[in-house]
Asks: 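Once you've had a glance at the structure underneath, I'll fire off some questions.
Numbering of ligands and ligand atoms starts at 1, following listing order. These numbers come from the heavy atoms of this one structure, side chains and all, not from hydrogens, waters or symmetry mates.
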Amino acid sequence: MDSAATKQENPPCIMVIFGAAGDLTKRKLIPALYNLKKSNLLSDNFAVIGVARAEFDTAEFRRRLRDDMDEFATEEIDSPSWDWLAERLYYLTGDFGDEETFARLKVELERIDQERQANGNYFFYLAAAPQYFAPVVQQLGTAGLTGEAENLWRRVVIEKPFGRDLESARKLNRDIKQVLNEGQIYRIDHYLGKETVQNILIFRFGNTIFEPVWNRRYIDCVQITAAEKVGVEQRGGYYDQAGALRDMVPNHLLQLVTLTAMEPPISFEADAVRDEQTKILHAIQRPSPEEAAKRVARGQYGAGVIDGEKVPAYRDEPNVARDSMTETFIALKLLIDNWRWADVPFYLRTGKHLAARDTEIAIQFKRPPFVPFRKTSIDRLTTNRLVMHIQPDEGISLRFGAKVPGSVMHIGSVDMNFDYEDYFGKTSSTGYERLLHDCMVGDATLFQRADQVEAGWAVVEPIQQAWSVMPPPNFPNYEAGSWGPKEADELLGCDNQKWEATHDITEKQRY
Ligand code: BG6
């Protein structure tokens with residue numbers, strides 16, 4: 001995804017982080033900036049201003065982040081690189097709802113801009129709670145901080161969740177567009193920062209051998225799994241209002257669907273790629289709420305055992321309602337109405353506190369049309385299966401049938417494996433490096449456009465409508481540490497299919 005923009009030098013700029021005392025800043029953003037510095041991808045004329053309500057000063061901000069780096073850095077810290085970054089970190093205490101914060105921010109920006117020669121280029125990173133997204137953008141506009149000029153840019157990065165449903169996403173888009181033009185808005189989905197996710201496009205469009213079979217003629221179904229071993233941890237307050245559908249589907253899982261299903265873009269320019277992704281979102285069938293309810297299964301974890309340790313039920317997690325009806329697992333079936341994919345089901349599932357962490361896209365091919373080994377003991381052939389392993393074991397594997405050595409004709413399933421680490425060594429990254437750098441150089445390919453976000457919400461809208469009048473009957477319905485509720489298996493069973501992700505296969509007889 002090398003666009004013209006990514007070939008620019010690292011431009012001088014100032015990053016302003018709203019929510020600088022929060023989790024994202026210490027866990028991802030600062031370690032990512034550190035990694036960028038190590039890779040020489042930050043300009044000498046770079047600086048960060050952290051804004052948050054917490055009462056401390058720049059010296060304390062730097063000290064705290066240095067301590068956090070011991071926990072969250074992705075590689076050993078070398079002092080000169082950290083010192084380089086630390087002296088470019090500044091802090092401003094302020095309330096995001098208060099106009100005066102933005103007046104002070106403006107003064108501070110001008111001062112640091114002078115000191116660091118950042119050429120007036122600023123990007124504002126909203127790592128704050130979603131209710132602040134629109135008000136902060138509004139205040140930035142009022143303070144005169146969003147106007148661009150020739151050779152001077154102003155951008156805003158917005159974290160998820162971008163709305164709660166189609167209506168609220170539309171409203172948020174309308175609100176921020178009163179101040180910003182679309183080219184200034186960088187809606188982030190951290191899945192697109194993952195190497196393995198970006199590699200889907202290289203794999204499909206940088207090779208000739210896969211694309212000819214990448215369609216309904218050869219593919220039986222596509223199965224996308226994003227299984228998490230962790231529970232809701234300390235995020236009960238947010239999660240109980242969100243649930244697995246909102247938290248994972250319209251954003252991360254649909255990114256995987258669009259990259260897997262899209263047509264080849266005419267270039268890797270931002271809009272060429274995003275146009276093709278958006279077309280897929282528009283082509284996904286919108287069933288009636290009644291029909292949507294039949295294409296989805298939901299679950300909530302009860303108490304169980306993970307890695308030998310007892311873990312509590314979701315309803316006993318901190319900040320979760322004791323009678324919560326929020327789903328922590330969802331499986332669904334999507335159909336894409338276009339020539340390439342008509343009648344090929346895309347099955348998606350994601351959940352918390354499952355038996356393993358495993359995100360993968362499995363392309364399940366059809367059986368060969370004819371079994372020529374009639375006079376042998378082979379009456380049923382295995383199917384080919386191509387798996388893009390997104391995390392934690394990053395790679396690609398292809399399953400095919402091979403003759404089991406011996407005088408009797410037997411067929412076995414074997415795997416051809418590509419493991420990232422074997423070829424490219426271990427890379428340490430938070431997943432945010434590429435996204436931050438792209439924002440600095442003005443490449444929006446890996447960020448979501450307004451219409452894309454809205455189209456994602458439109459895909460899940462029928463499910464939201466169905467569920468709004470149909471509470472789950474039997475929560476909790478899966479044990480923590482299991483592979484989710486039986487309803488997820490039944491969903492595929494109705495189509496004579498079964499989950500065929502790596503763990504499903506390895507748990508069963510291979511051949
Ligand atoms: C976040 C969700 O967007 O993605 C979390 O809010 C989820 O609930 C996380 O755990 C998964 O991301 P990753 O990179 O760990 O797969």
Asks: Is it true that Thr445 and Asp438 share a donor-acceptor pair across their side chains at a distance under 3.5 Å?
Replies: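 Thr445 and Asp438 do not have a side-chain donor-acceptor pair below 3.5 Å.
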Asks: Quick one: does Asp247 get within less than 4.0 Å of ligand 1, heavy atoms only?
Replies: yes
Asks: Once you measure the plane-to-plane angle for Trp82 and Tyr34, does it fall in the parallel (<30°), tilted (30-60°) or perpendicular (>60°) bin?
Replies: tilted
Asks: Please check if the distance between the ring centroids of Phe18 and Tyr125 is under 6.0 Å.
Replies: no
Asks: Measure the distance from atom 14 (O) of ligand 1 to every protein heavy atom, then report the residue, atom name and distance (to 0.1 Å) of the closest one.
Replies: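 The closest one turns out to be Lys194 NZ, 2.5 Å.
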Asks: Backbone or side chain, does any N or O of His190 fall under 3.5 Å from an N or O of ligand 1?
Replies: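 Among all N and O atoms of His190, at least one is under 3.5 Å from an N or O of ligand 1.
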Asks: So does Asp68 pair up with Arg27, basic N to acidic O under 4.0 Å?
Replies: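 Salt bridge absent between Asp68 and Arg27.
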Asks: Quick one: nearest non-hydrogen protein atom to atom 16 (O) of ligand 1, plus distance?
Replies: Gln391 NE2, 2.6 Å
Asks: Begin from the C-alpha positions of Phe205 and Phe203 and carry the test ring pair (Phe, Tyr, Trp, His ring centres under 6.0 Å) through to its verdict.
Replies: CA-CA 6 Å; Phe205 305 130; Phe203 180 75; over 10 Å; no
Asks: Ignoring hydrogens and angles, state whether a donor on the side chain of Asp175 or Gln138 is under 3.5 Å from an acceptor on the partner side chain.
Replies: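 Side chains of Asp175 and Gln138: no pair found under 3.5 Å.
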Asks: Only heavy atoms count here, so choose which of Arg246, Arg235, Met248 is nearest to atom 5 (C) of ligand 1.
Replies: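 Nearest option to atom 5 (C) of ligand 1, by heavy atoms: Arg235.
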Asks: Does Gln464 reach the main-chain N or O of Asp165 with its side chain, forming a donor-acceptor pair under 3.5 Å?
Replies: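 No.
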Asks: Specify the protein heavy atom at minimum distance from atom 10 (O) of ligand 1: its residue, its atom name, and the distance to 0.1 Å.
Replies: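 Sorting protein heavy atoms by distance from atom 10 (O) of ligand 1 puts Glu228 OE1, 2.5 Å first.
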Asks: For ligand 1, which atoms sit closer than 4.0 Å to a heavy atom of Tyr191?
Replies: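 Reading through ligand 1 atom by atom, the close ones are 12 (O), 16 (O).
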Asks: Nearest protein heavy atom to atom 15 (O) of ligand 1, by residue and atom, and its distance?
Replies: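 Ranking protein heavy atoms by distance from atom 15 (O) of ligand 1, first comes Arg357 NH2, 3.9 Å.
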Asks: Does the side chain of Gln448 pick up a donor-acceptor pair with the side chain of Gln255 at under 3.5 Å?
Replies: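 Their side chains do contain a donor-acceptor pair, which is all the 3.5 Å distance test asks for.
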Asks: Number the atoms of ligand 1 from 1 as they appear, then name those within less than 4.0 Å of a heavy atom of Lys160, with their elements.
Replies: 1 (C), 2 (C), 3 (O), 6 (O)
Asks: I'd like to check which ligand 1 atoms, numbered from 1 as shown, lie under 4.0 Å from a non-hydrogen atom of Lys352.
Replies: 5 (C), 7 (C), 8 (O), 10 (O)
Asks: Check ligand 1 against His252 and write out every atom of the ligand that is under 4.0 Å from a heavy-atom position of the residue.
Replies: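 Within the 4.0 Å cut-off of His252, ligand 1 contributes 1 (C), 3 (O), 4 (O).
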